[in-house]
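Take a look at the structure below.
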Amino acid sequence: MKNYAHTLILVFNLILLMSGLSACIWTNNTDDTALAETPAAPAQPTSDVQEMAFDEPTVIFKDPENPAIIRTPEGANELDLETPLRCNVNWKTQQMVLTLPYINSAFKLERNGRDDPLPRFEVTGFSFDMMPAERALAKLTKEADIRVSSADGPYTSISAEDLKGEFSEVIKMIADSADIYYTYNAKDKILTLSRRVNMTLYTPPSRPIILGLLDVIRGAGITNIVTNWSDYSISFDADIEIHNKIKELIKSFENSPTLIAYDVSIFRLYPYNNQKDIEWKNLLNAFDFGAITTAQTGVIGRVLTTTNDISIEKLQQFLGNQAKIEVVSEGKFIVPNLWLSRFDIGKCSKPDSNAYGMSILAKASVERKNEIFSDITLEETDGQVTQFKIRNKLGENFLIIGLPNELFGIRSPKSETIIFMVPRLIRTLKTNENIKNKI
């Protein structure tokens with residue numbers, strides 16, 4: 001008991017000691033705090049003008065829209081470097097025949113992209129039977145440790161027996177038989193196959209020639225065209241068939257071909273009396289007999305061949321008495337002799353004219369005594385609208401009438417679309433630089 005009492009007294013004394021130390025620490029902290037004075041805040045200057053407060057812009061982040069729905073703004077799409085050349089027609093001073101010198105050596109057709117040389121060794125006795133081209137090439141290149149990659153296969157199945165020759169020549173034979181291209185990457189040892197490649201056509205520095213070639217390329221159905229007007233080159237994607245056609249077109253310039261240029265005006269007529277058709281028969285009274293030389297009917301509409309007595313100004317003056325005239329598009333396109341060219345009407349039209357789906361396709365030839373034979377087709381987005389085969393003399397025009405505006409999505413009773421075309425000749429003259437500079 002005595003020991004237990006002694007222990008309690010010892011614990012009690014320890015508690016008193018700890019309490020005294022805590023009180024001392026608290027007192028010191030209080031004193032230090034009292035000695036540390038907080039400096040007074042500086043006085044703010046007074047002013048009668050209050051600063052303007054702007055709200056922070058509210059930025060809301062959301063998931064990106066579907067790229068298939070988002071479109072390039074029309075303002076950007078309307079920029080077309082061809083416009084100053086293609087959409088400018090002087091109806092008052094039209095030169096019916098133009099002679100155009102050019103240097104034939106300026107034509108070049110080159111493939112774009114990397115294509116390293118293939119390894120050099122001989123192939124002997126290589127055969128295969130009805131095998132897709134990519135499999136045949138994989139079999140051929142296996143020993144050379146070259147991998148084959150097909151971008152848009154499978155390709156045509158072909159057969160060959162006992163092929164011999166240099167490695168690159170045999171590969172070219174197989175690729176040509178299947179109508180495909182190949183490129184080789186030596187670093188990765190990959191042979192890439194494709195039905196189409198990007199190529200560039202270099203032309204003589206002549207605006208009519210490059211416009212004609214652009215129209216032919218579009219006539220072949222190629223739309224992804226990039227034109228460089230500084231070096232007169234055209235880049236596009238093409239398959240073997242298109243590639244061969246372009247080479248034929250270049251070869252045709254060896255014989256100084258004739259180009260047929262068409263000046264075109266497309267306009268719509270809205271009769272003042274929407275219950276009454278345009279009275280085209282009144283043309284016979286408004287102009288002398290013989291001003292209209294032929295009239296023929298197409299699938300839809302009619303085509304009139306006229307002399308220069310019926311100019312576009314006189315025609316619009318005649319029609320202005322019956323209808324409101326709305327010019328849709330005016331421009332020019334060029335057709336090399338016996339080739340097919342396309343004129344996209346929307347290239348030279350206003351954005352609100354609803355003409356972007358309209359095109360004129362023309363295949364033309366020059367016959368004896370400067371007669372021009374034109375095979376004209378009018379197309380719309382949904383397909384062919386009408387077609388005419390027209391023979392006219394140089395200096396005559398033709399006029400396509402009676403195309404209801406309903407064909408182009410315009411609901412206006414009795415209204416119609418008119419196409420006025422004037423064919424001209426561009427005679428080319430192959431020459432060299434020395435002679436050209438003296439012309």
Side-chain angles (χ1 to χ4, degrees), residues 74 77-96 98 100 203 206-223 225-227 229 232 234 259-269 301 303 306 308 311-313 315-316 325-336 339-364 372 374-381 385-386 388 390 392 396-401 403 405 407-408 417-426:
E74 288 298 329
N77 278 331
E78 290 169 17
L79 174 63
D80 191 338
L81 300 184
E82 292 180 35
T83 300
L85 303 177
R86 188 175 296 283
C87 306
N88 182 20
V89 180
N90 188 340
W91 295 103
K92 294 182 179 180
T93 57
Q94 289 182 304
Q95 191 173 358
M96 289 293 103
L98 171 68
L100 182 68
T203 76
S206 165
R207 291 174 179 177
I209 287 179
I210 193 172
L211 284 176
L213 294 173
L214 283 167
D215 294 334
V216 168
I217 291 172
R218 292 189 178 106
I222 300 174
T223 56
I225 301 170
V226 177
T227 308
W229 292 97
Y232 285 82
I234 309 168
L259 312 178
I260 300 94
Y262 292 94
D263 293 333
V264 186
S265 180
I266 299 98
F267 48 96
R268 295 190 176 113
L269 303 178
V303 63
T306 73
N308 276 333
S311 64
I312 190 168
E313 293 86 359
L315 178 64
Q316 291 180 343
I325 301 173
E326 177 187 271
V327 177
V328 175
S329 180
E330 282 191 349
K332 65 185 72 170
F333 69 107
I334 298 172
V335 185
W339 287 84
L340 177 68
S341 292
R342 175 187 293 272
F343 173 58
D344 294 322
I345 295 172
K347 275 186 168 291
C348 300
S349 66
K350 297 177 181 178
D352 57 351
S353 63
N354 194 29
Y356 283 106
M358 299 170 61
S359 298
I360 298 174
L361 282 82
K363 188 173 184 179
I372 302 171
S374 305
D375 189 344
I376 303 294
T377 301
L378 179 64
E379 284 190 352
E380 211 267 342
T381 306
V385 174
T386 191
F388 298 98
I390 309 158
N392 66 302
E396 292 181 334
N397 316 318
F398 52 88
L399 174 66
I400 300 175
I401 65 174
L403 301 174
N405 282 338
L407 293 169
F408 314 108
T417 294
I418 310 302
I419 301 176
F420 185 84
M421 300 182 69
V422 179
R424 299 180 291 109
L425 296 183
I426 301 175

Which pair of non-hydrogen atoms, one from Ile426 and one from Ala261, has the smallest distance, and what is that distance? CD1-CB, 4.1 Å
State which residues pass side-chain contact (heavy atoms from CB on, under 4.5 Å) with Thr377; sequence neighbours excluded, sorted by chain then number. Leu361, Asp375, Glu379, Gln384, Gln387
Output yes when Asp215 and Arg86 qualify as a salt bridge under the 4.0 Å nitrogen-oxygen rule, no when they do not. yes
State the CZ-CD1 distance between Phe343 and Ile334, to the nearest 0.5 angstrom. 11.5 Å
Working to the nearest 0.5 Å, report the span between CZ of Phe420 and CD1 of Ile401. 13.0 Å
Do Leu407 and Thr417 come within less than 4.5 Å of each other through their side chains, counting heavy atoms only? no
Checking Ala355 now: which residues fulfil side-chain contact (heavy atoms from CB on, under 4.5 Å) with it, not counting sequence neighbours? Val328, Ile345, Ser349, Ser353, Met358
Pairing residues for Asn308 by the side-chain contact (heavy atoms from CB on, under 4.5 Å) criterion, not counting sequence neighbours: Asn397
Does Lys347 have more than 12 heavy atoms from other residues, nucleotides or ligands lying within 6.0 Å of its NZ? yes
Compute whether any side-chain donor of one residue and acceptor of the other, for Asn90 and Thr93, lie under 3.5 angstrom apart. yes
Indicate the atoms forming the closest heavy-atom contact of Val335 with Lys363, along with that distance. CG1-CA, 4.4 Å
Would you check if Val303 and Leu399 make a side-chain contact, meaning some heavy-atom pair closer than 4.5 Å? no
Heavy-atom side-chain proximity of Phe408 to Glu380 below 4.5 angstrom: yes
Dump the intermediate steps for salt bridge (charged side-chain N to carboxylate O under 4.0 Å, His left out) on Glu396 and Arg424, then the final yes or no. CA-CA 9 Å; Glu396 292 181 334; Arg424 299 180 291 109; over 6 Å; no
So, taking the atom named CD in Glu326 and the one named CG in Leu269, what distance separates them when rounded to the nearest 0.5 Å? 10.0 Å
Would you indicate whether the side-chain heavy atoms of Arg342 and Phe333 approach each other to under 4.5 Å? no
Rounded to the nearest 0.5 angstrom, the CG-CD1 distance for Leu378 and Ile419 is 4.5 Å
Interatomic spacing from CG in Leu213 to CG in Leu211 - rounded to 0.5 Å: 9.0 Å
pair Pro423-Asn392: side-chain heavy atoms closer than 4.5 Å: yes
Do Thr306 and Phe398 have side chains that approach each other closer than 4.5 Å (heavy atoms only, starting at C-beta)? no
Partners meeting side-chain contact (heavy atoms from CB on, under 4.5 Å) with Glu313 (sequence neighbours left out): Trp91, Lys92, Ser311
Please report the closest heavy-atom contact between Ser341 and Val216, naming both atoms and the distance. OG-CG2, 3.5 Å
State, yes or no, whether a side-chain contact exists between Leu214 and Thr227 at a heavy-atom distance under 4.5 Å. yes
Residues at least two apart in sequence or cross-chain that pass side chain to side chain donor-acceptor pair (under 3.5 Å) with Thr381, listed by chain then number, are none
Kindly write out the residues that satisfy side chain to side chain donor-acceptor pair (under 3.5 Å) with Ser374, not counting sequence neighbours, or none if the list is empty. Tyr262
Between Glu330 and Ile312, is any pair of side-chain heavy atoms under 4.5 Å apart? yes
Atom CG of Leu100 and atom CD1 of Ile209: how far apart are they, to the nearest 0.5 Å? 4.5 Å
Which heavy atom of Leu403 sits nearest a heavy atom of Ile400, and at what distance? CD1-CG2, 3.9 Å
Any donor and acceptor pair, going by atom type alone, linking the side chain of Thr203 with main-chain N or O of Tyr232 inside 3.5 Å? yes
List the steps, then state whether side-chain contact (heavy atoms from CB on, under 4.5 Å) holds for Ile372 with Ile260. CA-CA 8 Å; Ile372 302 171; Ile260 300 94; 4.3 Å; yes
